[in-house]
Amino acid sequence: MKKKNYYEAVYELTRKIPFGRISTYGAIADYLALGSARMVGWALNKSFTGKDVPAHRVVNRKGELSGRHHFPHPDLMQKLLENEGVKIENHVVQDFDNLVWKPADEL
DNA sequence: CACTTGACAACAA
DNA sequence: CTTGTTGCCAAGT
């Protein structure tokens with residue numbers, strides 16, 4: 001399999017995020033080494049619709065739901081995460097340090 | 001082709 | 001909390 005565009009790599013990686021876990025732009029960008037965290041956010045922006053990408057599991061380095069504004073409804077992201085057992089407080093993931101998932105985690 | 005913007009990171013002040 | 005800086009790359013204007 002050849003490597004697709006960087007955004008498809010982001011999509012796949014985002015899909016690999018286990019249930020009840022989250023990831024960060026930095027972790028994804030660092031693992032893919034495709035460019036930078038901005039690329040991840042930009043890719044997710046286009047991916048959250050039309051693709052089965054659980055973009056709600058991707059947060060910024062602070063564990064903040066930075067991307068909630070791009071969802072159909074801003075509070076949807078938080079609701080989805082809470083539905084997976086992830087506690088959110090003030091748009092920030094609780095136990096973020098413990099829930100953050102990295103691609104290398106399964107290696 | 002140049003400039004700006006973007007779901008960012010990371011640090012400094 | 002805000003503001004600034006540097007890096008990174010693509011898309012939009």
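Numbered from 1 within each chain, the chains take letters A, B, ... in sequence-line order.
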Rounding to a whole Å, what distance do you find between [X]:[atom1] and [N]:[atom2]?
X	N	atom1	atom2	answer
A:L80	B:dA7	CG	P	19 Å
A:Y11	C:dA10	OH	C1'	12 Å
A:R61	B:dC11	CZ	P	7 Å
A:D30	C:dC8	CG	C1'	13 Å
A:H73	B:dA7	NE2	P	18 Å
A:I17	B:dA7	CD1	C1'	13 Å
A:H91	B:dA7	NE2	C1'	14 Å
A:H69	B:dG6	NE2	P	12 Å

Measure distances between side-chain N and O atoms of A:Y25 and base N and O atoms of B:dA7, and say whether any donor-acceptor pair falls under 3.5 Å. yes
How many angstroms lie between [atom1] in [X] and [atom2] in [Y], if you round to the nearest 0.5 Å?
X	Y	atom1	atom2	result
A:I28	A:T14	CD1	OG1	4.5 Å
A:R15	A:D52	CZ	CG	6.5 Å
A:M77	A:E82	CE	CD	12.0 Å

How far does the [atom1] atom of [N] sit from the matching atom of [M], given to the nearest Å?
N	M	atom1	result
C:dT3	B:dT5	P	15 Å
C:dC8	B:dG6	C1'	12 Å
B:dC1	C:dT13	C1'	13 Å

Are the side chain of A:R57 and the backbone of A:P54 linked by a donor-acceptor contact shorter than 3.5 Å? no
Indicate yes or no: at least one non-hydrogen side-chain atom of A:S36 is less than 4.5 angstrom from one of A:Y25. no
Do the charged groups of A:R21 and A:E84 touch, with an N to O distance under 4.0 Å? no
As a test of your reading of the structure, name each stem of DNA chain B as range with range, where a stem is three or more consecutive Watson-Crick or G-U pairs at under 3.5 Å. B:2-6 with C:9-13, B:8-13 with C:2-7
Between A:H56 and A:Q78, is a side chain to side chain donor-acceptor pair (under 3.5 Å) present by the stated rule, with each step listed? CA-CA 8 Å; A:H56 58 269; A:Q78 179 171 330; over 6 Å; no
Which is true for A:N60 with a 4.0 Å heavy-atom rule: it touches a base, it touches only sugar-phosphate, or it touches nothing? sugar-phosphate
Which part of the nucleic acid does A:A29 contact within heavy-atom distance under 4.0 Å: base, sugar-phosphate only, or nothing? nothing
Residue pair A:M39/A:G26 against DNA chain B: nearer the 5' end by closest nucleotide is A:M39
Of the candidate nucleotides C:dC8, C:dG12, B:dA7, which contains the atom at the shortest distance from the side chain of A:N45? B:dA7
